[in-house]
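Worksheet: the structure to be examined is printed underneath.
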There are 2 protein chains.
Amino acid sequence: MQLAVDVGENALTERQKDVLDAALALLVEAGDALTMTSVARRASCSKESLYKWFGDRDGLLTATVQWQASKVRAVPVNPEAFDLASLTAGLQRFASDWLHVLSGTISVALNRVAVGHAGSDKHDLGVIVLENGPFAMARRLKPLLQLGRNTGLLHFDETDEAFRTFFGLVVRDVQIRLLLGDRLELTDASIERDSLRATQQFLALYGAQNGH
Amino acid sequence: MQLAVDVGENALTERQKDVLDAALALLVEAGDALTMTSVARRASCSKESLYKWFGDRDGLLTATVQWQASKVRAVPVNPEAFDLASLTAGLQRFASDWLHVLSGTISVALNRVAVGHAGSDKHDLGVIVLENGPFAMARRLKPLLQLGRNTGLLHFDETDEAFRTFFGLVVRDVQIRLLLGDRLELTDASIERDSLRATQQFLALYGAQNGH
DNA sequence: CCGCCGCCGTAACGTACGGTACGGTACGGT
DNA sequence: ACCGTACCGTACCGTACGTTACGGCGGCGG
């Protein structure tokens, strides 16, 4: 399940990063209708350079998605003085971060193009987004869950099942509705509220003080 | 929130239904790469007829999505002799049905093209899928939830919040992973197991016998 | 100063596909 | 028998876009 995301040495010059940022912006604006010409114009570079640097259109899209993925790096949770309060805070902070990312225009745009490409031959984008989306969330959250289990604060058999339940409680129908174009404004306040609710529901299901 | 899905009189001839079924099959196979020529060839009809019947490519796609939507009609739950057992059975059956639909190749294909189109100007497909997906699920489930509340079996303030929690517990990360191309085989047995788990978790959160 | 290199801008090419036009055929009505 | 209608198959047109090629220009080593 451990797929290579970073290509070791990205070897991206600043100029190329600027180009990829321009591609990101266009991806947000136009979605998959992005053209090589539009990227070249927006980034003030030649199409020749685009093809030299990224090979072809798919290479550019792949590099763009990876570039965005490399920008959102995980902040690890430090397991010092671990108790119910810090577990709750960690879960809620995690849910809040995730909802903020999910509802961002960049996340929506990238997920849209990746979903679209997963339907054709090119599964690369889907794999990359999968790896940096749900799978990355799982890798980041599972240590916290296992720490909770080791300290007796949580009860579950399969870490993966616990994670997926938490995922469901946090994300619910938000992502699919956003991807399908539903206007669904998530204010900071509502995200805070939903994160707290999801965390409390998760603790009600897997917390040590409750039955099961 | 009540959007027209059926166009009153569909006025679809059998021939046209066959064409739309061919379009559905091609949508599953090729996704958004479907071409008018391929539909005409598969359905053994002329492109002229396609344009006469459906206007343009978007019209064909819209008609295809609506045609599929018209095929999966809801089976209402009869509220006779309602108790905890029938509530549990209803929820579980609902979850099972939904997971079966979600994981079907047709649902995945239609959601993919709708998500893709939601990124461009044409939001129609997204709205239609939204209307026949999450929103239809909500309309079908909410009467059952309210019946549960009226009979004292469930406790919640907002029906919509309860529904969305159930949605999250049932769907979790399954749909987004399928849309992104993750190989995720859902056997009948695993779906039955997941439906039961989701139902029990939901009852643990909103059931009358539990706290809150 | 000179030549090489990387890059910009743009023009050009090939192709795929949406959309249209048209000839040919079957059929039902008169 | 004749006509209108509906439809199939196919050829065709226009365009958009991916991809390639080329001219020009600034910088840098010699």
Under-4.0 Å salt bridge between B/R193 and B/D188 | no
B/D32 CG to C/dA16 P, in whole Å, measures 18 Å
Partner nucleotide of C/dC1 by Watson-Crick or wobble geometry (both distances under 3.5 Å) | D/dG30
Just how far, in rounded Å, is C1' of D/dC12 from OH of B/Y51?
-> 13 Å
Complementary nucleotide for C/dA12 - Watson-Crick or wobble, under 3.5 Å = D/dT19
Please state how far atom CD in B/Q16 lies from atom P in D/dA6, giving the value in whole angstrom units.
-> 12 Å
Identify which nucleotide among C/dG19, C/dG9, C/dA11 has an atom closest to any side-chain atom of A/K47, counting heavy atoms from C-beta outward.
-> C/dA11
Could A/E158 and A/R164 be called an ion pair, given the rule that one side-chain N must be under 4.0 Å from one carboxylate O?
-> no
Is there a Watson-Crick or G-U wobble partner for C/dT30 with both distances under 3.5 Å, and which nucleotide is it?
-> D/dA1
Which part of the nucleic acid does A/L34 contact within heavy-atom distance under 4.0 Å: base, sugar-phosphate only, or nothing?
-> sugar-phosphate
Thinking salt bridges, do A/R172 and B/E161 make one under a 4.0 Å N-O criterion?
-> yes
Write down the distance between CE (A/M36) and P (C/dC13), rounded to a whole number of angstrom.
-> 20 Å
Do any side-chain nitrogens or oxygens of A/R41 fall under 4.0 Å of OP1 or OP2 in D/dC17?
-> no
Salt bridge between A/D97 and A/R93, side-chain N to carboxylate O under 4.0 Å?
-> yes
State whether A/S49 places a side-chain N or O below 4.0 Å from either non-bridging phosphate oxygen (OP1 or OP2) of C/dG6.
-> no
Length of the line joining A/R42:CZ and C/dC8:P, which is rounded to integer Å | 16 Å
Counting Watson-Crick and G-U wobble pairs only, both distances under 3.5 Å, name the nucleotide matched with D/dC13, or none.
-> C/dG18
Expressed in angstrom and rounded to an integer, what is the separation of A/E14 atom CD from C/dC7 atom P?
-> 14 Å
Salt bridge A/R149-A/D157, side-chain N to carboxylate O under 4.0 Å = no
Once you round it to whole Å, what is the distance between C1' of C/dA16 and CZ of B/R57?
-> 12 Å
note: B/W53, atom CH2; D/dC8, atom P; distance rounded to Å ~ 5 Å
